[in-house]
S.K.: 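Sharing a structure below in structure tokens format, with a few things to ask.
Numbers restart at 1 for each chain; the letters A, B, ... are given by sequence-line order, proteins then strands.
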Number of protein chains: 2
Amino acid sequence: MKIGELSQRTDTPVRMLRYYEEQGLIHSERLPNGYRSYEAYVVDRVRQVRGLLEVGLPTRIIKQILPCLDSSREIYLPYVTPDMIATLEHERDRMAEKIECLTKNHRAINDYLEAVSHEIRAS
Amino acid sequence: MKIGELSQRTDTPVRMLRYYEEQGLIHSERLPNGYRSYEAYVVDRVRQVRGLLEVGLPTRIIKQILPCLDSSREIYLPYVTPDMIATLEHERDRMAEKIECLTKNHRAINDYLEAVSHEIRAS
DNA sequence: TCAATGTGTGACATTAGTGTGAGGGTCAAG
DNA sequence: CTTGACCCTCACACTAATGTCACACATTGA
């Protein structure tokens, strides 16, 4: 799949796809003519990346998290440094905090909207 | 409370407190000497704001969400425009998506860390 | 073959949040 | 009264993500 199709399928500007590659978040082969060529799994990968960006993670961290998401359950211990583990634990905990924050605010907005709609019906 | 104390209590750089005020997210009175003076509730407000910033909401949106979080349950309908409601509904839905994304990734990281720690024990 | 479309690289601009420093008042403790 | 800590405003810088434009080559279809 070439970059245009990937862009469509992930609803992501071409510019960003090249940027993510530059940041080491996705990988592409090259066709003989120099065009980027992506394997199918990259579609999901891009969606993943975008999701994480949306919730405020920088590419630097996303890059470190990605290995956790590779369904291939092979873990090469030598590459898993204690430093890496610490980062992951930290990010995991931050995620938990974020989930809590979002949940709380999500509920608040919902309650508010409900109250408003009652007001409207009453008026 | 002056800005220094607020800064400490919220673990937020003074610079940012002034920025949030500029963006209309928090309010301050002024002492006779020109110093900012905050009421106690602002501490929570700042924490709220920071939480929302962390999960990727821009100040523009946060400003619109804040009224939902004022526990004073007074809703002045005339100020609640349909436009405003649409925004809130949209943000609420986006939050739900984010929660889902975070939850999924949080679990993935956790699973990974667990797998790693098993590997380590086995080696 | 020509035009339109897709792709490549590179450079510059923009936006938001944040850092940092200059220059100048306030105030309390020594 | 002076020193040090705190506050003020203003301005410039930085980073990350993203937009945009210029210019060149590739591909494809009329």
S.K.: Provide, to the nearest angstrom, the distance between the CG atom belonging to A:Leu17 and the P atom belonging to C:dT7.
M.R.: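 My rounded result for the distance is 10 Å.
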
S.K.: Find the distance B:Arg50:CZ to C:dG17:P and express it as a whole number of Å.
M.R.: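 Taking atom P of C:dG17 as the reference, CZ of B:Arg50 is at 12 Å.
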
S.K.: Tell me the interatomic distance from A:Leu53, atom CG, to D:dG19, atom P, rounded to whole angstroms.
M.R.: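 One finds 12 Å between P of D:dG19 and CG of A:Leu53, rounded.
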
S.K.: Checking only heavy atoms, does the side chain of A:Tyr35 share a donor-acceptor pair with the base of C:dG6 at less than 3.5 Å?
M.R.: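 When only heavy-atom distances are counted, A:Tyr35 does reach the base of C:dG6 through a donor-acceptor pair under 3.5 Å.
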
S.K.: What is the distance, to the nearest angstrom, from the CZ atom on A:Arg30 to the P atom on C:dG8?
M.R.: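 Distance, rounded to whole Å: 6 Å.
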
S.K.: Calculate the interatomic distance between B:Leu52 atom CG and C:dG17 atom P; express it in whole Å.
M.R.: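 Computing the B:Leu52:CG to C:dG17:P distance gives 12 Å.
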
S.K.: Using whole Å, what does the distance between atom C1' of nucleotide C:dC27 and atom CZ of B:Arg36 come to?
M.R.: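 The distance from CZ of B:Arg36 to C1' of C:dC27 comes to 18 Å, rounded to the nearest Å.
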
S.K.: May I ask you to evaluate whether A:Tyr20 reaches the phosphate of D:dA17, defined as a side-chain N or O under 4.0 Å from OP1 or OP2?
M.R.: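 So the side-chain polar atoms of A:Tyr20 never come under 4.0 Å of the phosphate oxygens OP1 or OP2 of D:dA17.
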
S.K.: Would you mind checking if A:Glu5 and A:Arg9 are paired as a salt bridge, meaning a charged N to carboxylate O distance below 4.0 Å?
M.R.: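 A salt bridge is present here (some side-chain N lies under 4.0 Å from a carboxylate O).
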
S.K.: Give a yes/no on whether any side-chain N or O of A:Arg18 is located under 4.0 angstrom from OP1 or OP2 of C:dT9.
M.R.: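 No, no such contact exists.
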
S.K.: Which whole-number value in Å describes the distance from A:Lys2 NZ to C:dG8 P?
M.R.: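 Value for this atom pair: 9 Å.
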
S.K.: Determine the sole option in B:Leu57, B:Thr87, B:Val49 for which the side chain to side chain contact (heavy atoms under 4.5 Å, CB included) test with B:Ile65 is passed.
M.R.: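 Only one of B:Leu57, B:Thr87, B:Val49 forms a side chain to side chain contact (heavy atoms under 4.5 Å, CB included) with B:Ile65, namely B:Leu57.
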
S.K.: Taking everything shown except A:Asn33 itself, do over 12 heavy atoms lie less than 6.0 Å from its CG?
M.R.: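 It does: A:Asn33 CG has more than 12 such atoms within range.
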
S.K.: Please confirm whether the shortest side-chain N or O distance from A:Asn33 to OP1 or OP2 of D:dT27 is below 4.0 Å.
M.R.: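 Yes, because at least one side-chain N or O of A:Asn33 sits under 4.0 Å from OP1 or OP2 of D:dT27.
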
S.K.: Within the 3.5 Å criterion, strictly below it, is a donor on B:Tyr20 or B:Arg45 matched to an acceptor on the partner's side chain?
M.R.: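 There is no such pair (donor and acceptor under 3.5 Å, judged by atom type) between the side chains of B:Tyr20 and B:Arg45.
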
S.K.: Under 3.5 Å, is there a donor-acceptor pair between the A:Ser117 and A:Arg121 side chains?
M.R.: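 Yes, side-chain donor-acceptor contact under 3.5 Å.
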
S.K.: When you measure from the side-chain N and O atoms of A:Thr59 to the phosphate of D:dA16, is any distance below 4.0 Å, counting only OP1 and OP2?
M.R.: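 For D:dA16, OP1/OP2 do not have a side-chain N/O of A:Thr59 under 4.0 Å.
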
S.K.: Rounded to the Å, how far apart are B:Glu21 CD and C:dT18 P?
M.R.: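 Atom CD in B:Glu21 sits about 16 Å away from atom P in C:dT18.
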
S.K.: Under 3.5 Å, is there an N or O donor on one side and an acceptor on the other linking the side chain of B:Arg15 and the base of C:dT20?
M.R.: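 Checked by distance alone, the answer is yes.
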
